[in-house]
Amino acid sequence: MQFFLEVLLGGLLSGIMYSLVALGFVLIYKASGVFNFAQGAMVFFAALTAVGLHDMGLSLWLAVPLTMAIMIVLAVAIEKIVLRPLVNQAEITLFMVTIGLTFFIEGLAQAIWGASVRKLELGIEDVPLEFLLDNAGIAISQFDLVAAGIAFVLVAALAIFFSKTKVGRALRAVADDHQAALSIGIPLQQIWVIVWGVAGFVALVAGLLWGARNGVQFALTFVALKALPVLILGGFTSVPGAIVGGLIIGASEKLAEVFLGPYVGGGIEGWFPYVLALLFLLVRPEGLFGEKIIRRI
Amino acid sequence: MNTQTSSATAKAFLNVNNVEVIYDHVILVLKGVSLEVQEGKIVAILGANGAGKSTTLKSISTLLRGERGDVTKGSVEFRGERVDQLSPNDLVKRGMVQVMEGRHCFGHLTVEENLLTGAYTRNISRGDLKLSLEKVYDYFPRLKTRRSSLAGYTSGGEQQMTAIGRALMAKPTMILLDEPSMGLAPQIVEEIFEIVRDLNQREKVSFLLAEQNTTVALRYADFGYILENGRVVMEGDAKELASNEDVKEFYLGISSGGRKSFRDVKHYRRRKRWLA
Ligand SMILES: Nc1ncnc2c1ncn2[C@@H]1O[C@H](COP(=O)(O)OP(=O)(O)OP(=O)(O)O)[C@@H](O)[C@H]1O
Ligand SMILES: [Mg+2]
């Protein structure tokens with residue numbers, strides 16, 4: 001039982017990290033209907049830039065805000081150079097464009113900072129929490145807990161932002177019907193910059209946490225692929241969906257690996273989430289929390 | 001000759017001058033439309049399907065650009081200034097908002113959130129925002145009872161009210177209202193037009209509205225333009241137009257011989273069914 005709990009909690013905590021990446025997708029998809037394939041590249045770019053600046057001698061307190069500023073510049077550039085000329089193009093066109101963007105951002109990151117793996121120290125040690133280990137006999141990483149806490153705060157802040165603020169409401173309005181949003185004077189370009197900026201911020205947080213855990217390296221871009229089943233499960237348009245989806249994927253892949261793995265020779269973790277997502281797709285195509293497609297007849 | 005254009009000295013509130021619109025670089029839809037709206041008036045653009053009513057409104061609000069349409073000739077002046085190069089955002093700030101055909105509410109936002117988004121261009125305090133909201137609810141009491149429902153699940157009439165209310169939140173002096181009667185029961189249409197008149201008289205909002213429902217539109221409007229194939233073919237006082245024989249025949253479905261056209265249509269339908 002203790003072992004089960006340990007696996008479950010460990011899985012949930014790593015799931016939150018998936019949620020963080022998925023969140024970036026959800027934000028952009030909600031506001032512009034674009035499936036931003038480049039989100040993984042943005043995670044990589046943000047992490048590499050922060051570490052790069054840190055390695056140059058800047059303290060993390062300086063490097064991280066500076067990286068955020070660079071992410072905002074990136075958002076402005078993407079809106080000006082890529083999105084604006086492509087207004088009103090088909091979704092598939094925009095999707096292709098984000099694939100192009102992926103290679104560009106990955107290339108840019110490596111051109112500036114090199115291709116070597118860098119270590120990132122956030123000052124939180126990846127050791128089991130003593131309190132839990134002593135009293136309950138469960139080994140839970142301190143780092144995972146902090147990461148989960150950060151993710152939680154981020155998500156709560158985003159939820160409030162979307163439902164309570166003027167800009168948040170405008171973002172949802174644009175996501176719903178951008179012609180109507182235009183008609184009441186919401187400037188789409190401004191909204192897009194904000195959304196890509198926020199997605200950049202989320203990418204930065206995710207990049208720092210993932211980077212600190214696995215090292216900042218090109219493999220970070222593959223984290224984005226893990227976000228895919230999370231999105232299918234949670235729905236492409238739902239912030240809570242991204243969170244719950246991440247938790248489910250994280251927990252179930254670890255549980256599957258530990259308890260089913262031995263029977264099939266292990267290695268389940270890699271593909272189990274996709275199978276889960278696929279099954280889910282058959283039952284509930286809009287995802288757990290995805291917005292129901294409203295149709296009045 | 002008529003009240004609209006009698007005082008040539010007074011500049012019109014909204015002045016559309018010989019506007020030509022081409023879609024997709026090849027489809028010529030407006031072939032030089034000119035019209036004007038005097039301050040404080042309700043003006044109707046009438047015409048059949050595809051006459052170019054919506055296109056006219058969108059060329060004024062500059063929403064056309066988002067639909068691969070270009071204004072290739074002519075100009076639009078609002079309160080004495082050229083506005084055809086502005087963005088919709090600028091126009092809303094200057095007091096002109098369009099309520100689009102088909103209502104276009106934000107379906108996944110609640111009715112109240114829909115209204116709140118309408119105030120996006122105004123930088124006002126929470127208190128003032130609340131006042132504006134209450135004002136809209138005064139005009140549309142029905143919306144207050146539905147304030148926390150998702151707009152996508154409200155009735156057609158409520159959606160039309162939400163769309164108009166949302167535009168009101170921008171505190172406009174001019175509303176471009178496209179086909180408010182579309183798909184609504186006669187009673188609701190009447191209710192909405194009553195509110196339009198109310199807004200016109202009490203809030204001093206000028207209206208330019210596009211309508212297929214000629215009868216109702218002419219009853220509430222001060223002045224009307226009749227559009228056919230992208231051209232203004234007739235204009236005049238609403239009362240004059242309503243009693244004009246040609247208008248009666250072509251747009252009101254009434255001619256001296258009774259409702260001939262209507263019966264013909266019915267007869268034709270019946271025959272088609274027999275043949276099928
Ligand atoms: N985006 C577009 N691209 C190409 N042609 C268009 C476009 N929008 C409208 N048209 C064409 O322009 C003409 C006028 O359309 P418009 O929507 O202005 O008519 P309308 O008078 O508003 O008609 P309705 O009463 O049906 O709303 C139509 O023939 C239509 O097919
Ligand atoms: Mg129309």
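Below, all heavy atoms of this structure are taken into account, side chains as well, without hydrogens, waters or symmetry copies. Naming convention: chains lettered A, B, ... in sequence-line order (proteins, then strands); numbering from 1 in each chain.
Within 6.0 Å of the OH atom in B:Tyr23, the count of heavy atoms belonging to other residues, nucleotides or ligands exceeds 12. When the shell of 6.0 Å around CD of B:Gln187 is examined, it contains 12 or fewer heavy atoms from other residues, nucleotides or ligands. Crowding of B:Arg68 atom CZ: a count of heavy atoms from other residues, nucleotides or ligands under 6.0 Å not exceeding 12. Within 6.0 Å of CZ in A:Phe95 there are more than 12 heavy atoms belonging to other residues, nucleotides or ligands. Within 6.0 Å of NZ in B:Lys171 there are 12 or fewer heavy atoms belonging to other residues, nucleotides or ligands. Remark: B:Tyr220 OH is packed, more than 12 non-hydrogen atoms of other residues, nucleotides or ligands lying under 6.0 Å away.
In this structure, chain A has no heavy atom under 4.5 Å from any part of B:Ala163. Both the backbone and the side chain of A:Gln179 come within less than 4.5 Å of a heavy atom in chain B. Of the atoms belonging to B:Arg122, it is backbone heavy atoms, and not side-chain ones, that fall under 4.5 Å from chain A.
Contact annotation: the side chain of B:Phe106 never approaches that of A:Val174 to less than 4.5 Å [non-hydrogen atoms, C-beta and beyond]. The shortest side-chain heavy-atom distance between A:Lys166 and B:Asn123 falls under the 4.5 Å cut-off. Counting heavy atoms from C-beta outward, B:Asn89 and A:Ile186 have side chains that stay 4.5 Å or more apart. Contact of the B:Thr117 side chain with the A:Ile184 side chain is registered, since non-hydrogen atoms from C-beta on lie closer than 4.5 Å.
Among B:Val99, B:Leu176, B:Leu63, B:Asp178, the single residue meeting the side chain to side chain contact (heavy atoms under 4.5 Å, CB included) criterion with A:Ser183 is B:Leu63.
Minimum heavy-atom separation, A:Arg169 to B:Leu109: O-CD2, 4.1 Å. Here the shortest heavy-atom pairing between B:Tyr120 and A:Gly185 reads CD2-O, 4.2 Å.
With values rounded to the nearest 0.5 angstrom, A:Asp176 atom CG is found 10.0 Å from B:Glu113 atom CD.
The greatest number of non-hydrogen atom pairs below 4.5 Å with chain A, out of B:His104, B:Lys58, B:Arg103, B:Gln98, is found for B:His104. In terms of non-hydrogen atom pairs under 4.5 Å with chain A, the most contact-rich of B:Thr121, B:Leu91, B:Leu116, B:Leu129 is B:Leu116.
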